[in-house]
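In what follows, a structure is listed as structure tokens, so that the remarks can point back to it.
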Amino acid sequence: LMSVGGGSQEAPVQTTFLLADTQIPKESFLEDTSSLLNNGEVPNLFNAEDKTAIMEGCGAAAQAAGCNGQAETLAFFTEQCRKNLHLIL
């Protein structure tokens, strides 16, 4: 997710995530996949260190887009993930 969320100064990477039903070991994985499809993010996926890396990685792009503060930068990151990550079930 960090590579598709605009964490670099280069153009965002279009990424496809292919998930077959045989790759789902637990029902909770389906809930995470559903959340990713519906909201563009998985709740509590990133810890504090990951969020700091996201802020550093896409902070400049977020500011260029008019986003200020941690909440807006994380929302920018999530939106970039939604645009650039394609999930195939």
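Residues: numbered from 1 along the sequence shown.
For the salt bridge (Lys or Arg N to Asp or Glu O under 4.0 Å) condition, no pair includes a residue of residues 31-40, sequence neighbours left out. Screening residues 62-76 for salt bridge (Lys or Arg N to Asp or Glu O under 4.0 Å) gives no qualifying pairs among residues at least two apart or on separate chains.
Here the shortest heavy-atom pairing between Thr73 and Cys67 reads N-CB, 4.4 Å. Taking both residues in full, the closest heavy atoms of Cys58 and Phe77 are given as SG-CB, 4.0 Å, listed atom of the first, atom of the second, then distance. Nearest approach of Gln14 to Lys83, heavy atoms of both residues: OE1-O, 3.9 Å.
Here Leu30 pairs with Ile24 under the side-chain contact (heavy atoms from CB on, under 4.5 Å) rule; sequence neighbours left out. Residues passing the side-chain contact (heavy atoms from CB on, under 4.5 Å) test with Asn47 are Glu49, Asp50, sequence neighbours excluded. Applying the side-chain contact (heavy atoms from CB on, under 4.5 Å) rule to Thr16 yields the partners His86, Ile88; only residues at least two apart in sequence or on another chain are considered. Residues forming a side-chain contact (heavy atoms from CB on, under 4.5 Å) with Ser35 (at least two apart in sequence, or on another chain): Asn39, Pro43.
Thr15 has its side chain out of reach of Asn84: every pair of non-hydrogen atoms, C-beta onward, lies at least 4.5 Å apart. At least one side-chain heavy atom of Leu19 sits less than 4.5 Å from a side-chain heavy atom of Phe29. Contact of the Leu18 side chain with the Leu89 side chain is not registered, since no non-hydrogen atoms from C-beta on lie closer than 4.5 Å.
Few gaps surround CD on Gln23; more than 12 heavy atoms of other groups in view lie less than 6.0 Å from it.
Between the CG atom in Leu74 and the CD atom in Glu79 there is a gap of 13.5 Å [rounded to 0.5 Å]. Expressed to the nearest 0.5 Å, how far CD1 of Ile54 lies from CD of Gln80 amounts to 12.5 Å.
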